[in-house]
Amino acid sequence: MVKRERLDIIKDILSIIYQNRNSVKITPLIRQSNMSSTRFKEYYHELLEKELVNEIINGGNKFVSLTNKGYRFLEKYNTIVSFIDEFEL
C-alpha cells in the first residue's frame, strides 16, 4: 500500500467536498477521506487556517464547503499533475 503524500491528502479532501456539490457534513468527509478522525482534524484545521475551506452552519448542521482559494488549489494541482504526466516526469 502506497502512503499518500501531504498534498495528495489535501487534494483528496478538497476533491471530496467538490464532488459533493461543494457541501458535505464532517462525518461523511472523514469517512470518504479514509483517515482517522485525529489525523483528519489536523488537516482540517490547516485547511480552515489557510482559508481553503469554510464551515457553514445551517439549521444546526455543520457543512464544509470550498472557498475560491480551495477551488484555485484544485485547478493548480490538476495543472501540475497534467504537466508531469505530459512530460512523463
Side-chain angles (χ1 to χ4, degrees):
M1 183 158 99
V2 177
K3 182 178 173 183
R4 292 187 291 177
E5 298 290 331
R6 181 177 165 275
L7 287 178
D8 291 326
I9 293 170
I10 291 170
K11 186 269 302 177
D12 289 345
I13 293 171
L14 297 178
S15 293
I16 291 166
I17 297 168
Y18 178 78
Q19 292 165 359
N20 282 278
R21 298 183 182 160
N22 197 33
S23 182
V24 64
K25 289 184 178 181
I26 296 282
T27 303
L29 183 56
I30 294 170
R31 278 193 217 119
Q32 291 178 37
S33 66
N34 199 27
M35 285 190 280
S36 70
S37 59
T38 304
R39 188 163 182 225
F40 176 83
K41 286 177 187 176
E42 293 172 15
Y43 281 94
Y44 183 66
H45 290 296
E46 180 181 359
L47 294 176
L48 285 170
E49 287 174 11
K50 296 187 189 260
E51 299 179 350
L52 295 171
V53 299
N54 58 25
E55 295 178 337
I56 299 170
I57 298 175
N58 186 359
N61 293 313
K62 187 188 295 186
F63 294 90
V64 182
S65 66
L66 294 177
T67 62
N68 287 335
K69 192 173 178 182
Y71 280 115
R72 284 195 327 271
F73 177 94
L74 284 176
E75 289 173 0
K76 299 290 184 184
Y77 184 93
N78 290 328
T79 300
I80 291 168
V81 169
S82 295
F83 177 82
I84 290 169
D85 289 344
E86 182 178 336
F87 290 98
E88 299 175 356
L89 300 174

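Each residue takes its place number in the sequence, starting with 1. Because the structure is a prediction, the values reported are computed rather than measured.
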Exercise. Crowded around K69 NZ? As in, over 12 foreign heavy atoms under 6.0 Å?
Worked result: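 Count over threshold, so yes.
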
Exercise. Between the main-chain N or O of I13 and the side-chain N or O of S33, is there a donor-acceptor pair closer than 3.5 Å?
Worked result: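 Here the side-chain-to-backbone pair does not exist.
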
For this session: For N22 and L66, indicate whether the former's side chain and the latter's backbone hold a donor-acceptor pair under 3.5 Å.
Result: yes

How close do [X] and [Y] get, counting heavy atoms only, and between which atoms?
X	Y	answer
M35	Y43	SD-CD1, 4.0 Å
L48	E55	CD1-OE2, 3.9 Å
I56	S65	CD1-OG, 3.4 Å
R4	D12	NH1-OD2, 2.8 Å

Exercise. Side chains of Y77 and L14: does their closest heavy-atom pair fall under 4.5 Å?
Worked result: no

Separation between [atom1] of [X] and [atom2] of [Y], rounded to the nearest 0.5 Å:
X	Y	atom1	atom2	value
S15	N78	OG	CG	7.0 Å
R39	K41	CZ	NZ	15.0 Å
L89	I80	CG	CD1	12.5 Å
N20	K25	CG	NZ	12.0 Å
F40	H45	CZ	NE2	9.0 Å

Indicate if [X] and [Y] have the same hydrophobic cluster label, given that clusters are the connected sets of ILVMFWY residues with side-chain heavy-atom separations under 4.5 angstrom.
X	Y	value
F63	V53	no
L7	L74	yes
L52	V81	yes

For this session: Assign the ring pair F87 / F83 to parallel, tilted or perpendicular, where the plane angle (0 to 90°) is split at 30° and 60°.
Result: tilted

